[in-house]
Amino acid sequence: VDNIAGGNGTVGTISASGLYVAPNTTGSHTISAKAAFDGSVGNAQVTIGQGNPVPTITGFNPSSIAAGTQAETIAINGTGFLSSSTVTFNGVSHSASFVGQTQLTILLSATDLATPGTYPVVVTNLGPGGGASSPVVFTVTSGSQATIATGQTPYAIAINPLTNRIYVVNRSGNSVTVINGADNTTTLVAVGTTPYAIDVNPVTNKVYVANSGSSITVIDGNTNATTTVLVGVGPTSVAVNSITNLIYTANYASKNTTVINGQDNSTQTIGGTVLPDFSYPVVAVDQGLNQIYVVNANLGGSDGIVYVINGATNAITTSITTGANPTGIAVNSITHLAYLPNIWSGNVTIINGQNLTATTIASVSEAHVVAVDAVTNKVYIGGESGCPGCLSYIAVIDGSTNASTTLPYSGSFGAVAINTSTDQIYVTNSLNNTIEQIDGPSNTGTSIKVGTNPGAIAVNSQTGKVYVANTGDNTVTVLGP
């Protein structure tokens, strides 16, 4: 080979039977053979091409599954995958589906997922070249998970932690499913037409449901008996001040805000809080300041407007301009700062509730869901790409400095909830039918498979359980201890 008798490891070797064994490197080589009977020499050119790559595994989606889950498909992400790649899970071969050079999928059986633990996953490519990836462990968690049937289209969730009752708005079912957190039994309570939003006063044990017509249904948490309170037309948001026992609802169609006295259900209307040609308004309360915010998002794409209401007088204190199309608001009850993600301008408006000034900081693109951890003084904002395979982001903002850390994900985010006792953050991801659980101290994440099209989410601050409304299959997933 290349004038080297018998060849070598660099150019390839010739066996005693005349078989050429190629080297591990690419290149072209000349193989010569001499006939014994007449001494003639024949030459042949051989080109050594690139062999199959050695695959690598970078992660899984979801990144873990709770023990006891039935058969579930997981995606293996990495590099160097082939249509002929094989996969073992815990040493057992599993049939792999080739998605692309960076992703394979396998089906894990109920047996695979029966016991909590960490299990090695290996991807192997056959020769030429090829080889086995380094094993990467997949985690089967010990956390419990339950699925509860609800009414049609579970859309919003509120929790009374004092009674351990969970209230799920069924938008298409004109009802609220009441879940007993102790045993997951349910009661269905009829409410108004197309209920849209919900909030709870844990002190009085009353639940307030905004119906899309012109009413609020008040549910007595002790008996589940209901009372109807007439408000403005098109209430789209409801918020409770449990200190003053006043309830606020922003009314889209009648362009005003209704104040309900929780003691006798009497009402007062505040005009001029909802602007024409603005999308559904959102209302929030800073209980410590007794201040109410009514957020207006401009459908035309220009800046939004927030009206600030004095809770003692029901007078409009001022209006504050935000970025383009604010889609929500979260209030830090300790610092009295309110955070509004502006989906079209890709930034966040921060309102100082004490002096009613506003600042703007950059954020992730298409930011639209927000939650505040008042204990750690961090703000979590989800922005989305909305397309399969595209990156979405969760921004973690330090409330003291406004410095931001961006966490990349693939998905479409619906809502954020926080367990302030454990410093765990939960974000619904409807594109992947998962919950993205973020560890607050490390900003590391875990994907947890739930029902179809998860949207609303809430944490019971007393039990630590997480409740996820899955609009696609009319269920609530319960996660937690």
Side-chain angles (χ1 to χ4, degrees), residues 197 199 201 208 210 216 231-232 234-252 254-262 267-299 302-343 345 347-361 363 367-368 370-372 374 377 379 381 397 399 402:
D199 201 3
N201 187 335
Y208 298 87
I216 295 288
V231 294
T236 58
S237 179
V238 61
V240 172
N241 187 332
S242 60
I243 296 175
T244 63
N245 196 16
L246 296 177
I247 301 89
Y248 301 86
T249 177
N251 307 307
Y252 168 69
S254 57
K255 310 300 179 188
N256 53 24
T257 297
T258 301
V259 185
I260 303 172
N261 185 321
T267 62
Q268 179 179 342
T269 301
I270 305 173
T273 57
V274 179
L275 296 175
D277 300 322
F278 276 60
S279 64
Y280 295 155
V282 177
V283 63
V285 174
D286 185 330
Q287 294 194 140
L289 296 179
N290 194 14
Q291 199 155 256
I292 299 88
Y293 301 97
V294 181
V295 182
N296 289 259
N298 194 318
L299 288 173
S302 59
D303 292 343
I305 300 291
V306 176
Y307 287 98
V308 183
I309 299 171
N310 184 321
T313 64
N314 287 336
I316 298 174
T317 304
T318 189
S319 63
I320 298 173
T321 302
T322 70
N325 199 17
T327 54
I329 181 171
V331 178
N332 187 324
S333 58
I334 296 175
T335 65
H336 302 296
L337 297 178
Y339 297 84
L340 298 89
N342 303 304
I343 188 170
S345 53
N347 52 25
V348 177
T349 299
I350 305 174
I351 299 175
N352 186 321
Q354 298 184 84
N355 59 25
L356 298 180
T357 58
T359 58
T360 301
I361 63 172
S363 184
H368 70 291
V370 59
V372 170
N377 195 17
V379 185
I381 294 177
I397 300 173
N402 288 338

Using modelled atom types and a 3.5 Å cut-off, is there a donor and acceptor pairing between side-chain atoms of [X] and backbone atoms of [Y]?
X	Y	result
S319	V306	no
Q287	S242	yes
S345	A324	yes

Going by heavy atoms in the side chains, are [X] and [Y] under 4.5 Å from each other?
X	Y	value
Y339	V372	yes
L356	V308	yes
V283	T249	no

Calculate, to the nearest 0.5 Å, the distance between atoms [atom1] and [atom2] belonging to [X] and [Y] respectively.
X	Y	atom1	atom2	value
T360	I350	OG1	CD1	8.0 Å
N245	I243	CG	CD1	11.0 Å
L340	I351	CG	CD1	5.0 Å
L337	N352	CG	CG	5.5 Å
T327	Y280	OG1	OH	15.0 Å
I309	Q291	CD1	CD	10.0 Å

Identify, with sequence neighbours excluded, every residue that meets side-chain hydrogen bond (donor to acceptor under 3.5 Å, both in side chains) alongside Q354. none
Can you list the residues that meet the side-chain hydrogen bond (donor to acceptor under 3.5 Å, both in side chains) rule with N377, with sequence neighbours excluded? N332, S400
Could you pull out the closest heavy-atom pair between [X] and [Y], with the gap in Å?
X	Y	answer
I343	H368	CD1-CB, 3.8 Å
A284	V331	CB-CG2, 4.3 Å
V294	T273	CG1-O, 3.6 Å
T258	G232	OG1-N, 3.2 Å
V274	N296	CA-OD1, 3.2 Å
Y293	G353	OH-CA, 3.3 Å

side-chain contact (heavy atoms from CB on, under 4.5 Å) between Y307 and T257, intermediate numbers included: CA-CA 10 Å; Y307 287 98; T257 297; over 6 Å; no
In this structure, which one of D303, T322, N342 forms a side-chain hydrogen bond (donor to acceptor under 3.5 Å, both in side chains) with T349? N342
So I361 and I397, side-chain contact (heavy atoms from CB on, under 4.5 Å) or not? Walk me through it. CA-CA 10 Å; I361 63 172; I397 300 173; 3.7 Å; yes
Let me see the working for N310 and N290 under side chain to side chain donor-acceptor pair (under 3.5 Å), right down to the final yes or no. CA-CA 7 Å; N310 184 321; N290 194 14; 5.1 Å; no
Working for side-chain contact (heavy atoms from CB on, under 4.5 Å), residues I216 and I260: CA-CA 9 Å; I216 295 288; I260 303 172; 3.9 Å; yes
Between N251 and T236, does a side-chain contact (heavy atoms from CB on, under 4.5 Å) hold up when you go through it step by step? CA-CA 6 Å; N251 307 307; T236 58; over 6 Å; no
